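See structure below.
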Amino acid sequence: MTASIDWLEETHELHLRTEGFSYVVAVLESGALGGVHLGAPLRGGVSHRGLRTGEFHGFANRVGDPVPLEYPTAGTGDYRIPALVIQHADGSSVLDLRYVSHRIFAGKGRISGLPSTYVESDDEAASVEVLLRDDVSGIEVTLSYSVFRDVPGVARSARIRNGGTTRVRITTAMSAVQDLADADWTLVTLSGAWARERHVVERTLVPGRQSVSTTRGASSHQHNPFMLLKRAATTEDAGEAIGLSLVYSGNFVAEAEVDSFDTARVRIGINPEGFAWVLEPGDALATPEAVLVYSRNGIGGVSDAYHRLYRERLARGKWRDADRPLLVNNWEGTYFAFDEEKLVDMAIVARDLGLELFVLDDGWFGKRDDDTTSLGDWFVDRRKLPNGIDGLAKRITELGIGFGLWIEPEMVSERSELFAAHPDWAIGVPGRPRTPSRNQLVLDMGRPEIVDHLFGVLSDVLGGASISYVKWDMNRNITEPWSAALPADRQGELFHRYVLGVYELYRRLTERFPDILFESCAGGGGRFDPGLLAYAPQGWTSDDTDAVERLRIQWGTSLAYPLSSMGAHVSAVPNHQVARTTSIGMRAAVAFFGVFGYELDPTAMSAEERTIVREQVAFYKQWRPVLQGGRFVRLRSPFAAGGNETAWMAVSPDERRAVVGHYRVLNRPIPGPDRLRLRGLDADANYRVAVWPAKGSETERANSGVRGGDELMSAGLALGVEKAEAAARGDFAATLFTLEAE
Ligand code: GLA
């Protein structure tokens with residue numbers, strides 16, 4: 001199957017098709033662009049225009065056609081959530097967009113200044129740009145659509161141009177709006193807070209609007225720019241599901257509206273709350289990209305599509321396909337209290353354990369002994385590191401492992417040289433107190449001179465030492481939004497300009513330092529989104545490293561994001577976030593399903609722990625291609641009633657190797673027999689099954705040996721076989737199985 005787009009001249013219809021997916025739009029009698037179908041593949045070469053006729057009984061609108069609209073506007077009879085609202089010079093906000101032309105081409109375009117999915121050859125995608133115009137105002141909208149050869153979905157974005165003669169203000173500009181023929185969907189979002197990001201939340205659609213959004217300036221811990229719709233009967237591997245994901249790192253809204261006739265409209269894009277963008281005649285604004293995917297194979301099918309696309313055609317650069325290094329990060333091991341000798345001692349042990357990268361976290365710059373000072377002063381603190389970052393990096397790389405560094409470029413401490421020199425660079429309203437948060441302020445990243453400054457000082461840091469990894473943090477949200485660089489009527493542009501500035505700095509630094517692996521972070525997972533994945537192929541999933549909490553965080557995150565994007569570390573116990581004590585085996589068994597590492601002081605580990613860690617490191621290296629690049633299959637949800645169990649697996653692309661993880665939070669007396677059915681294997685292959693690490697348990701005896709893929713998928717692995725042993729293992733237990741085809 002190839003990705004294709006056909007234009008049916010007789011019916012004025014565009015049909016975008018790829019394996020498992022069709023998307024149809026049509027130019028209506030009125031000239032408006034109408035949505036016809038998003039979903040299961042439909043036959044090419046014939047009209048599907050009649051699909052919705054008679055199904056939609058909304059308002060009697062001027063459009064006069066019952067087919068829903070592709071890019072609805074306010075003020076012409078469509079009272080549902082709009083795609084575009086523009087205030088004209090006279091204060092009115094009426095728009096009536098009509099089809100002008102379209103252009104079909106092979107491949108896919110990029111969006112200037114914004115991250116987006118891409119192709120490496122033109123046969124990977126087919127694209128169409130449809131030009132719409134409001135004749136009265138001269139506003140032009142170009143809707144871009146791309147279908148991918150290898151993913152059942154469509155990438156959408158819009159470019160709004162002021163083709164008129166007076167300035168206008170855009171107050172709403174969605175990336176995608178989608179009308180669905182019915183409202184019998186359950187809405188799934190990823191919501192939470194710091195230390196419990198991206199929990200799965202489900203609700204049945206009801207009449208009215210339901211949404212997740214943020215106004216914090218970052219995609220946020222609270223909600224993720226993602227939503228999924230599923231049928232009541234949809235499971236992980238069967239039934240219909242639709243995903244909407246926004247390639248954006250700032251304020252967003254993902255929303256559904258059910259009207260009085262039980263049709264649903266969904267939309268995703270920049271949050272209109274707090275947004276207003278002025279367009280002078282001739283100016284244009286591009287929206288971020290939205291990626292819509294459709295699956296007939298359950299929620300897992302939606303995740304498969306996002307994993308593949310975001311891992312292979314959103315992430316970029318040398319590290320996209322490379323094995324990600326096994327790292328140790330000093331943060332929870334030392335916090336701010338370290339010196340060169342301490343760090344080198346930690347790195348020596350890490351190297352001896354087989355780790356590949358030592359990361360120095362917060363506290364190396366300015367005079368930063370706690371979080372009250374020095375952000376913005378990106379020069380080394382010689383009290384702690386007398387030989388500079390270069391001296392430390394040299395000693396560590398000479399050990400034979402890489403060296404990485406933490407930065408937080410977008411921030412400034414009031415107690416810093418940078419703030420003393422440029423107090424107006426921090427976001428805030430003159431004459432009003434600034435709301436405190438972690439003793440720091442946010443730089444106005446929309447100002448090019450600030451981006452230039454940061455590029456300069458950070459280039460000096462990164463170019464001045466042997467650095468192979470950067471952790472780019474962002475530890476507070478924006479309050480008192482106001483920019484000294486914008487006139488009063490453009491203050492509504494601040495948040496979007498901020499994000500554009502962050503992307504610009506990321507672009508310049510990643511281009512200047514193509515060999516450095518960037519990991520994004522925002523107080524853990526406060527900005528874990530597709531926008532940053534385009535620059536930083538992995539992100540710090542959460543500050544919460546407790547193994548039990550991580551089950552939910554990693555499960556939820558995996559709905560939209562591949563394992564290769566999820567930083568997952570073993571930390572010390574009692575855990576620093578929840579004070580829970582779990583075994584080092586359980587902690588690793590959870591963190592293996594991600595980009596694995598450690599976040600502790602390796603010198604503090606006992607001899608016994610070091611032996612275990614050495615084995616864990618060796619195990620991860622052996623299975624890294626499967627755990628970072630394989631297909632992730634969710635088996636048992638921690639969000640199911642009770643939430644006591646979780647199971648998941650990663651399968652190599654050729655289905656020859658797999659790792660299965662099963663986790664039980666609390667132990668139960670006399671558990672009954674239980675079988676864990678696997679998925680994604682080759683039914684005809686024979687797999688050698690083993691339990692890791694081998695301890696001669698009853699579970700091992702019950703499962704080890706050569707087993708058919710058919711049997712493993714239809715009957716499964718035996719759990720709960722060892723009553724005595726299960727009692728002995730207590731709470732917080734994990735079992736890992738490895739499968740290798742013979
Ligand atoms: C944030 C990050 C942590 C750590 C600290 C340092 O909270 O999420 O991993 O880097 O900042 O201050």
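FYI, the numbering just counts along the sequence from 1. As the structure is a prediction and not an experimental result, all values here were calculated from the model. Note that ligands are numbered from 1 as they come in the structure, with each ligand's atoms numbered from 1 the same way.
A side-chain donor from one of Arg550 and Gln554 sits under 3.5 Å from a side-chain acceptor of the other. No donor-acceptor contact under 3.5 angstrom links the side chains of Ser219 and Arg216, judged on distance only. Judged purely by distance below 3.5 Å, without hydrogens or angles, the side chains of Tyr663 and Trp648 pair a donor atom with an acceptor atom.
Aromatic ring centres of Phe336 and Trp331 lie closer together than 6.0 Å.
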* Asked: Can you check ring pair (Phe, Tyr, Trp, His ring centres under 6.0 Å) on Tyr506 and Trp472, steps first, answer last?
  -> CA-CA 10 Å; Tyr506 252 116; Trp472 176 323; 3.6 Å; yes
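The salt bridge (Lys or Arg N to Asp or Glu O under 4.0 Å) test applied to Arg415 returns no partner, not counting sequence neighbours.
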Protein N/O near ligand 1 N/O, under 3.5 Å, which pairs?
from     : atom 1 : to     : atom 2 : distance (Å)
ligand 1 : 7 (O)  : Asn475 : OD1    : 3.4
ligand 1 : 7 (O)  : Asp543 : OD2    : 3.0
ligand 1 : 8 (O)  : Gly524 : N      : 2.8
ligand 1 : 8 (O)  : Asp543 : OD1    : 2.5
ligand 1 : 8 (O)  : Asp543 : OD2    : 3.1
ligand 1 : 9 (O)  : Lys471 : NZ     : 2.7
ligand 1 : 9 (O)  : Asp543 : OD1    : 3.3
ligand 1 : 10 (O) : Asp361 : OD1    : 2.6
ligand 1 : 10 (O) : Asp361 : OD2    : 3.2
ligand 1 : 10 (O) : Trp406 : NE1    : 3.0
ligand 1 : 10 (O) : Lys471 : NZ     : 3.0
ligand 1 : 10 (O) : Asp473 : OD2    : 3.3
ligand 1 : 11 (O) : Asp473 : OD2    : 2.9
ligand 1 : 11 (O) : Asn475 : ND2    : 3.2
ligand 1 : 12 (O) : Asp362 : OD2    : 2.6
ligand 1 : 12 (O) : Arg438 : NH1    : 3.0
ligand 1 : 12 (O) : Arg438 : NH2    : 2.9

